[in-house]
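Scroll down for the structure; my scribbles are underneath it.
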Amino acid sequence: MKILFICTHNRCRSILAEALTRHISAGKIDARSAGSQPAGVVFPGTLTYLKSQNIPTDELTSQSWDDHEAFAPDVVITVCDSAAGETCPVWFGQAARVHWGLPDPSKLPTETEQQEKFKEVGAMMQQRLALLASADLDSAMDKSSLEVTIKQLLVSEQTV
């Protein structure tokens with residue numbers, strides 16, 4: 001399974017999702033992240049949070065979604081509302097698309113507030129990604145059934 005996480009600037013939430021997916025799935029899911037207008041740098045608070053969770057950050061970079069066309073993801077997950085509303089490249093048409101609207105910790109004024117929000121957002125992502133990593137996504141053979149399966153995981157997350 002190949003997943004591409006999208007956030008407009010690819011500096012905070014999408015980077016966080018990429019790192020957490022790699023960590024949680026232990027190689028079961030090939031995860032990458034990108035943005036439509038990448039910032040070119042990873043938000044320092046993202047790295048601080050990931051390091052506090054003992055999650056590797058060495059390979060994390062802010063990239064354009066154009067850099068991932070050859071990746072051919074099975075699933076594209078937008079993690080910010082503005083990215084969800086953007087016109088995506090044509091090559092996304094082959095992938096299942098799901099939106100996970102998540103708050104942006106980098107928008108908070110102090111590092112303390114940011115790290116508290118990272119803990120909250122990180123916990124939400126970890127719960128979703130654990131469900132995703134344990135799901136039998138290989139049985140969802142087409143784009144529509146894959147979207148439905150992932151959306152059902154979110155429903156089951158809310159009842160846990």
Side-chain angles (χ1 to χ4, degrees), residues 1-36 38 42-43 45-63 65 67-81 83-84 88-89 91-106 115-160:
M1 178 66 52
K2 296 188 291 184
I3 298 178
L4 180 62
F5 293 96
I6 300 291
C7 194
T8 302
H9 300 294
N10 187 223
R11 65 188 280 271
C12 185
R13 291 165 287 178
S14 53
I15 296 278
L16 182 64
E18 174 187 0
L20 289 172
T21 302
R22 288 179 181 175
H23 180 73
I24 290 168
S25 75
K28 182 178 177 183
I29 298 172
D30 185 359
R32 300 188 189 178
S33 66
S36 58
V42 178
F43 180 69
T46 305
L47 300 174
T48 299
Y49 171 76
L50 290 168
K51 288 175 183 173
S52 78
Q53 301 295 304
N54 297 314
I55 296 173
T57 62
D58 299 344
E59 297 179 15
L60 300 175
T61 60
S62 176
Q63 300 175 319
W65 58 21
D67 297 332
H68 294 283
E69 184 174 0
F71 178 56
D74 300 300
V75 181
V76 173
I77 299 177
T78 52
V79 293
C80 74
D81 293 337
C88 295
W91 58 268
F92 279 13
Q94 302 303 314
R97 290 190 55 190
V98 179
H99 177 61
W100 290 356
L102 298 166
D104 185 354
S106 73
Q115 286 306 304
E116 285 302 313
K117 188 56 77 176
F118 269 111
K119 288 177 189 172
E120 180 185 318
V121 171
M124 287 189 315
M125 278 191 190
Q126 287 182 46
Q127 185 174 4
R128 291 176 184 185
L129 294 168
L131 289 168
L132 195 60
S134 66
D136 180 18
L137 298 177
D138 294 331
S139 65
M141 300 307 269
D142 61 56
K143 178 175 132 174
S144 313
S145 59
L146 192 53
E147 287 172 357
V148 168
T149 300
I150 293 171
K151 288 175 184 174
Q152 286 173 341
L153 290 174
L154 292 182
V155 171
S156 68
E157 169 202 33
Q158 295 168 356
T159 60
V160 172

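Sequential numbering from 1 along the given sequence is applied to the chain's residues.
- Minimum heavy-atom separation, Thr8 to Cys80: N-SG, 3.5 Å.
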Notebook entry, point to check: Does the side-chain contact (heavy atoms from CB on, under 4.5 Å) test come out yes or no for Ile29 and Val75, once each step is laid out?
Noted result: CA-CA 11 Å; Ile29 298 172; Val75 181; over 6 Å; no

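- Side-chain atoms of Cys12 and Pro105, non-hydrogen and from C-beta on, do get closer than 4.5 Å to each other.
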Note to self: Would Glu59 and Arg22 count as a side-chain contact (heavy atoms from CB on, under 4.5 Å) here? Give the steps.
What the structure shows: CA-CA 11 Å; Glu59 297 179 15; Arg22 288 179 181 175; 3.8 Å; yes

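- Minimum heavy-atom separation, Arg13 to Met125: O-CE, 3.3 Å.
- Atoms OG and NE2, on Ser106 and His9 in that order, are 9.0 Å from each other to the nearest 0.5 Å.
- Distance check: Glu18 CD to Asp30 CG gives 9.0 Å after rounding to the nearest 0.5 Å.
- Summarising the geometry, atom CG belonging to Asn10 is positioned 14.0 Å from atom CZ belonging to Phe43; distances are rounded to the nearest 0.5 Å.
- Between Trp100 and Phe5, the two ring planes are tilted [angle within 30° to 60°].
- Taking the side chain as every heavy atom from C-beta outward, Val121 and Pro103 approach each other to under 4.5 Å.
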Notebook entry, point to check: Passes side-chain contact (heavy atoms from CB on, under 4.5 Å), Leu20 versus Leu50? Steps please.
Noted result: CA-CA 8 Å; Leu20 289 172; Leu50 290 168; 4.3 Å; yes

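- The minimum heavy-atom distance between Met124 and Leu102, with the atom names listed, is CE-CD2, 3.4 Å.
- Nearest heavy-atom pair, Ala133 versus Ile24, reported as atom, atom and distance to 0.1 Å: CB-CG2, 4.3 Å.
- Summarising the geometry of Ser33 relative to Ile15, their closest heavy-atom pair is OG-CD1, 3.6 Å, with the distance given to 0.1 Å.
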Notebook entry, point to check: Gln53 and Gln126: side-chain contact (heavy atoms from CB on, under 4.5 Å), yes or no, with the steps?
Noted result: CA-CA 11 Å; Gln53 301 295 304; Gln126 287 182 46; 4.1 Å; yes

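- A distance-only check finds no donor-acceptor pair linking the side chain of Lys51 to the backbone of Thr57 [under 3.5 Å].
- Rounding to the nearest 0.5 Å gives a distance of 10.0 Å between CG of Leu47 and CG of Leu16.
- Taken from CD in Gln115 to NZ in Lys119, the straight-line distance is 7.5 Å, to the nearest 0.5 Å.
- The two residues Ser14 and Val79 make their nearest non-hydrogen contact at N-CG2, 3.6 Å.
- To the nearest 0.5 angstrom, Thr61 atom OG1 is 8.0 Å from Asp67 atom CG.
- Not a single donor-acceptor pair under 3.5 Å links the side chain of Arg11 to the backbone N or O of Ser62.
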